[in-house]
There are 2 protein chains.
Amino acid sequence: MNQNTITSISERQTLSDQVFHDLKEAIIKGDLAQGSKITEDEIAKQYGISRGPLREAIRRLEGLRLLVRKPHAGTRVVTLTHSMMEEIYTVREALEGMSARLAATRMSDDDIGELHQLLKKHESTIDQSQGKEYFQREGDLDFHFRIAQASNNQWLMDLLSSELYQLLRMCRHRSSQTPERPLRALQEHKQITEAIAQRDPELAELLMRRHISGAWKIVKDILDNESIEKDTQP
Amino acid sequence: MNQNTITSISERQTLSDQVFHDLKEAIIKGDLAQGSKITEDEIAKQYGISRGPLREAIRRLEGLRLLVRKPHAGTRVVTLTHSMMEEIYTVREALEGMSARLAATRMSDDDIGELHQLLKKHESTIDQSQGKEYFQREGDLDFHFRIAQASNNQWLMDLLSSELYQLLRMCRHRSSQTPERPLRALQEHKQITEAIAQRDPELAELLMRRHISGAWKIVKDILDNESIEKDTQP
DNA sequence: TAACTATAAATTGTCAACAATTAGCTTTTA
DNA sequence: TAAAAGCTAATTGTTGACAATTTATAGTTA
């Protein structure tokens, strides 16, 4: 977690920008645990900067809902509760549904071609790395990111990629823990891509929404089981 | 809705919070013109504070997309372009559609009763104050705000009330400029309320989305006409 | 022992001075 | 005249010290 990890390229426009990006990654990767306190002095020393720029970064992360601040009391890393995850998936369903709808009209033929190629790559990845959940997760987000881009709506893209997706990445519980899931997801991705290729906005939106609400049901089950384990084990 | 009501009393938790709320109102009300530059020294003196807390407030407003910053160059009030408004209405359609869908299931009977009362009040307001667009606008937002609340989804509420609605309030162009519009809108509000009262999520979402995309078409026409006037007149 | 108060320590909030960068202006040169 | 280079002024970025508030601790009392 030292400042010398992969932080490196951190566009060094300003210290505030740097520490903003670095902290963001640290939170998403879990280097800063959920619910843990952000002690300004401590973090500032860690990054070798003063508290001024750090506080500005904190305020921006607060805006992204990655940090929660209580005036005078302190700032903590957000805790992803069960109900919060449900809320996020609900918002995501609405936004990505719209995203897919727009993509069906606006995505270029070339980009649709690339989408097909991406799916092929995913297919072979699933065959090989049965257990490597990480790549599957990133691949999944990659697919969704491209559709968000194709919506050609800056707001949609921003909300999804710089807010919701980050929070999803924070949630370590992979929906791919069940071995059938990746294949199922791939099938659904194919269907969505097909609807876009056929320029059918209604269908694209319908399938995307079904895809996401389905994903939530899986995640929800996993979370439920975990909380039961936690209640009975310790 | 706490932070958006009577900001005047600026909850004086911290200076940063105060100036955040005050600046937000100033931007929304147009006291700070769109595209105008935020000179830190100037604003700081104006509020009688130092630049530290001000800069924190600026970063938060940046997160709300009310300010746009260029490193080392300065910060400006966002300019609501035609295409940006279209993007906002698109996002709004997705989020409010979902909001209405959830409200149909989750809104309490009491709250539905209050919603009916609100509509009655609007009806009488329309009869009386034919021209007073301001109240009609606020009444419209009030209706939408209540449905967002009924969704019982903190994320939806936040995104809508503390981001999108603020930007809509910045857009001075009232869709009620055409005299038929307020009545039409009221009718649509009644239909949506009815769908919620009948606990019909599908219909509630459908009607809400239609309502918002219809509103955008009106606004769009107004904006188009204005830009034509601007091109030919000066 | 439990609860309450008061004090001390730790942490956040604020400030004013200083450093770094950019934008605009003047001057120089082809 | 036009373009380029260098300088000046204005603005943003950063810092460390100081003030205000909260939390933890210890001591007192019922």
Side-chain angles (χ1 to χ4, degrees), chain A residues 1 3-4 7-24 26-27 32-79, chain B residues 2-3 7 9-24 26-27 32-79:
Chain A
M1 152 157 136
Q3 56 263 52
N4 298 331
T7 300
S8 49
I9 318 175
S10 282
E11 40 222 276
R12 54 177 62 79
Q13 298 186 340
T14 68
L15 288 184
S16 177
D17 289 336
Q18 268 181 255
V19 73
F20 169 75
H21 287 296
D22 290 357
L23 273 181
K24 187 172 163 185
I27 293 169
L32 282 171
Q34 293 185 26
S36 64
K37 188 167 183 214
I38 300 288
T39 309
E40 295 181 0
D41 241 338
E42 190 181 317
I43 305 268
K45 271 173 192 158
Q46 221 169 79
Y47 282 90
I49 63 175
S50 70
R51 284 172 53 222
L54 172 61
R55 283 174 65 90
E56 291 175 15
I58 288 176
R59 286 318 198 294
R60 288 171 68 188
L61 290 167
E62 201 190 334
L64 290 185
R65 298 171 171 75
L66 290 176
L67 294 180
V68 179
R69 188 176 64 98
K70 256 191 176 181
H72 296 287
T75 307
R76 292 183 172 278
V77 178
V78 68
T79 300
Chain B
N2 289 329
Q3 69 248 55
T7 300
I9 318 176
S10 285
E11 37 223 274
R12 52 177 64 79
Q13 297 188 341
T14 69
L15 288 184
S16 176
D17 290 336
Q18 267 181 256
V19 73
F20 169 75
H21 286 115
D22 289 355
L23 272 181
K24 188 171 164 186
I27 293 169
L32 282 172
Q34 292 184 26
S36 64
K37 192 175 179 204
I38 301 288
T39 309
E40 295 182 1
D41 240 339
E42 190 180 317
I43 305 268
K45 271 173 192 158
Q46 213 171 310
Y47 282 90
I49 63 175
S50 72
R51 283 173 53 223
L54 172 61
R55 283 175 64 90
E56 291 176 16
I58 287 175
R59 288 297 154 51
R60 288 172 68 189
L61 290 166
E62 203 189 333
L64 291 184
R65 298 172 170 77
L66 290 175
L67 294 180
V68 179
R69 187 176 65 99
K70 257 191 174 180
H72 295 287
T75 308
R76 293 185 171 277
V77 177
V78 68
T79 301

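Every chain is numbered from 1 and lettered A, B, ... according to where its sequence line falls, protein lines coming before strand lines. Heavy-atom basis, side chains included; hydrogens, waters and symmetry copies ignored.
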Indicate, with a heavy-atom threshold strictly under 4.0 Å, whether B:P53 touches base, sugar-phosphate, or nothing. sugar-phosphate
Could you tell me if the side chain of A:L61 sits less than 4.5 Å from the side chain of A:I38, heavy atoms only? no
Are any of the side-chain nitrogens in A:E56 or A:R59 under 4.0 Å away from the carboxylate oxygens of its partner? no
Side chain to side chain, A:L66 and A:K24, heavy atoms closer than 4.5 Å: yes
side-chain hydrogen bond (donor to acceptor under 3.5 Å, both in side chains) filter on B:R60, not counting sequence neighbours, yields B:D17
Contact pattern, 5' to 3', of nucleotides 6-13 of chain C - B, S or - by protein heavy atom under 4.0 Å: -----SBB
Might you point out which heavy atoms bring A:G74 and A:K37 nearest each other, and give the distance in Å? CA-CE, 4.1 Å
Please identify each residue that fulfils side chain to side chain contact (heavy atoms under 4.5 Å, CB included) with A:R65, with sequence neighbours left out. A:E163, B:W155, B:D158, B:L159, B:E163
Could you please spell out the steps behind the side chain to side chain contact (heavy atoms under 4.5 Å, CB included) verdict for B:L67 and B:V77? CA-CA 5 Å; B:L67 294 180; B:V77 177; 4.1 Å; yes
Reading DNA chain D from 5' to 3', where do the contacts with chain B start and stop? Cut-off is 4.0 Å to heavy atoms. D:dT11 to D:dT14
What is the nucleic acid contact for B:G52, judged by heavy atoms within less than 4.0 Å: base, sugar-phosphate only, or nothing? nothing
C:dT14 C1' sits how many Å from B:Q18 CD, rounded? 13 Å
Enumerate, atom names and distances included, each donor-acceptor pair closer than 3.5 Å involving a side-chain atom of residues 44-52 of chain B, sequence neighbours excluded.
residue : atom : partner : partner atom : Å
B:R51   : NE   : B:E40   : OE1          : 3.0
B:R51   : NH2  : B:E40   : OE1          : 3.0

Nearest whole angstrom, please: distance from the C1' of C:dT21 to the CG of A:D17. 14 Å
